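Hydrogens, waters and symmetry mates are skipped; everything else that's a heavy atom, side chains included, is used. Being a predicted model, the structure only gives us computed values, none of them experimental.
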Amino acid sequence: MGLLDKIKGELVDIVEWLDDTRDTIVWRFPRYENEIKMGARLVVRESQTAVFVNEGVIADVFAPGTYTLETQNLPVLSTLKGWKHGFHSPFKAEVYFVSTRQFTDMKWGTKNPVMMRDPELGMVRVRAFGAFSVRVVDPSKLLRELVGTDPQFRTDEVHEYLRQNMVSHLASVLASSGIPVIELAAHHGDLGDQLAARLTDELADLGIAVPKFVIENISLPPEVEAALDKRTSMGIVSSGTVGSMAAFQQFQAGQAMEAAAEGGGSAGAVIGMGLGQSVGNAIVPPTQTAPAQTAPAQTAPAGPPPMPGWYLGNGGAQTGPFDDAALAAQAAAGTLTAGTLIWRAGMAGWEPASSVPDVAKHLGATPPPLPQA
């Protein structure tokens, strides 16, 4: 190898891009006065595309691979420069490397609430956030429409534009879905696929696609979520009580007791009484009456209240209490007879008056019937 060949070998350039960032979409290869030696080696790695631009006009596009730059593999550039027979001098051109991998670190969210009509709740405001990925599918369109002469085009330069497009489509997708808000969580995947397809179609003119759109959460305003929580709590309470109104009273009383317990004082006792009344009403609602029970004839009446004295039972009716003097008057009046049932505290049950000595003594004082004339 002669000296001239050695010098020529040392002058052969390598045009390549080793990306050490995670957010660069387009990078322009730096050349002094944009001169590239004929015969230079072009290295295009996987997930890259190289685009040659001559005087503002896009010329040749190279897919992944290794190329030796000659007029044979630069047909468009050769035509633009008027190379009819080829030559070996340096030429001027701009080389843009475009990353075609997926950029997955893109976030989106709604700055303002999105209005939608819910079939159960009516008009509601929702907020949402998530992530998405973008990929360049047409480097030429991207250079023409977005990049221009930018030597290093990053994701943050297009991120806000993409986010605005996504939020604008989110409202229409939610409105047309007809899915209740409380069931949206089960359809995040389907809604994300719909949004990815819509955005890909809209961004096709820019050479960008949205392969993945992820909805992480769709939330309601705090006051609406609090109302739904109360509605859920009422549903749990009413599942074991009689009537929705009784369940609501019981639930409200329980909430008031919690507030009183936190505040302290005697209010808790008053609220506790109200809770007891609500529970009682839930068991037997005020609008309903308990079925009446007819006592059989000569059946001993229910037990008397705990008061001193004697009690009489005649025909299922209870009277009393009476002291000894009152018993004597009852015997004289004929309402206390030998068969009258009597009871007082300490007795196991009702007994006939004639079997109780303390009462039977009054029966002897009763005069016999007058003889017939």
Side-chain angles (χ1 to χ4, degrees), residues 9-81 83 86 88-107 131-163 199-200 203-212:
E10 292 177 351
L11 293 177
V12 173
D13 288 338
I14 297 178
V15 181
E16 63 179 350
W17 177 35
L18 298 177
D19 185 14
D20 58 355
T21 70
R22 298 297 300 171
D23 61 350
T24 301
I25 301 176
V26 179
W27 179 78
R28 186 174 64 194
F29 183 75
R31 292 294 300 167
Y32 177 70
E33 294 184 354
N34 298 327
E35 287 190 353
I36 300 176
K37 303 291 189 298
M38 185 63 69
R41 188 171 63 173
L42 172 66
V43 180
V44 183
R45 290 171 171 78
E46 291 291 342
S47 73
Q48 292 180 355
T49 298
V51 180
F52 280 69
V53 178
N54 177 64
E55 296 181 357
V57 179
I58 294 178
D60 300 286
V61 179
F62 291 85
T66 301
Y67 308 87
T68 299
L69 297 180
E70 298 175 341
T71 55
Q72 289 82 356
N73 55 20
L74 292 169
V76 179
L77 187 64
S78 298
T79 301
L80 293 174
K81 288 187 172 294
W83 296 337
H88 300 283
S89 8
F91 62 92
K92 290 185 178 182
E94 296 175 349
V95 182
Y96 289 88
F97 284 91
V98 180
S99 177
T100 57
R101 70 175 181 86
Q102 285 195 49
F103 292 87
T104 59
D105 55 348
M106 311 285 278
K107 302 294 182 181
F132 66 96
S133 63
V134 295
R135 168 184 284 166
V136 178
V137 293
D138 192 326
S140 298
K141 289 182 179 180
L142 180 70
L143 290 175
R144 291 192 187 99
E145 301 297 334
L146 289 180
V147 178
T149 59
D150 191 345
Q152 191 169 15
F153 186 75
R154 298 178 179 271
T155 55
D156 56 2
E157 297 181 56
V158 72
H159 189 182
E160 181 61 19
Y161 173 76
L162 296 176
R163 187 198 67 81
L199 291 166
T200 297
L203 299 173
D205 292 339
L206 303 180
I208 299 176
V210 179
K212 190 69 175 177

Starting at OG1 of Thr49, measure out to CH2 of Trp17 and round the result to the nearest 0.5 Å. 10.5 Å
Show your reasoning for whether side-chain contact (heavy atoms from CB on, under 4.5 Å) applies to Leu199 and Phe132. CA-CA 11 Å; Leu199 291 166; Phe132 66 96; over 6 Å; no
Would Ile25 and Val158 count as a side-chain contact (heavy atoms from CB on, under 4.5 Å) if you check the C-alpha gap in whole Å, the side-chain angles of each, and the deciding distance to 0.1 Å? CA-CA 10 Å; Ile25 301 176; Val158 72; 4.3 Å; yes
Is any side-chain heavy atom of Lys141 closer than 4.5 Å to one of Ile208? no
Identify the heavy atoms of Val210 and Thr200 that sit nearest to each other, and give their distance. N-OG1, 3.1 Å
Run the side-chain hydrogen bond (donor to acceptor under 3.5 Å, both in side chains) test against Glu160 and tell me which residues pass, sequence neighbours left out. Arg163, Gln164
If you round to the nearest 0.5 Å, how far is CG of Leu74 from OG1 of Thr79? 10.5 Å
The reported gap from CD in Glu35 to CZ in Phe91 (rounded to nearest 0.5 angstrom) is 10.5 Å
Closest heavy-atom contact between Val26 and Thr24? O-CG2, 3.5 Å
Any side-chain heavy-atom pair of Tyr161 and Leu146 under 4.5 Å: no
Run the side-chain hydrogen bond (donor to acceptor under 3.5 Å, both in side chains) test against Arg45 and tell me which residues pass, sequence neighbours left out. Glu16
Enumerate, atom names and distances included, each donor-acceptor pair closer than 3.5 Å involving a side-chain atom of residues 56-64, sequence neighbours excluded.
| residue | atom | partner | partner atom | Å |
| --- | --- | --- | --- | --- |
| Asp60 | OD1 | Val76 | N | 3.1 |
| Asp60 | OD2 | Leu77 | N | 3.0 |

Does Asn73 reach the main-chain N or O of Thr68 with its side chain, forming a donor-acceptor pair under 3.5 Å? yes
Would you compute the distance between atom OG1 of Thr104 and atom CZ of Arg135 and round it to the nearest 0.5 angstrom? 11.0 Å
Scanning both residues in full, the closest heavy-atom pair of Thr149 with Tyr96 reads CA-OH, 3.7 Å
Any residue meeting side-chain contact (heavy atoms from CB on, under 4.5 Å) with Glu145, in chain and number order, not counting sequence neighbours: Leu206
Could you walk me through whether Leu203 and Leu162 pass the side-chain contact (heavy atoms from CB on, under 4.5 Å) check? CA-CA 9 Å; Leu203 299 173; Leu162 296 176; 3.5 Å; yes
For Ala40 versus Ile36, what's the shortest heavy-atom pair and its separation? CB-CG2, 4.1 Å
Which residue pairs satisfy the salt bridge (Lys or Arg N to Asp or Glu O under 4.0 Å) criterion with at least one member in residues 149-158, sequence neighbours excluded? Asp23-Arg154
Heavy atoms of other groups near Gln152 CD, more than 12 under 6.0 Å: yes
By side-chain hydrogen bond (donor to acceptor under 3.5 Å, both in side chains), Ser133 pairs with (sequence neighbours left out) Gln102
How are the rings of Trp27 and Phe97 set relative to one another: parallel (under 30°), tilted (30 to 60°) or perpendicular (over 60°)? tilted
Please enumerate all residues that pass side-chain hydrogen bond (donor to acceptor under 3.5 Å, both in side chains) together with Ser140, with sequence neighbours excluded. none
Please tell me if the side chains of Arg22 and Arg101 come closer than 4.5 Å, counting only heavy atoms from C-beta onward. yes
With a 3.5 Å distance limit and no angle check, can you tell me whether Lys81 reaches the backbone of Lys92 through a side-chain donor-acceptor pair? yes
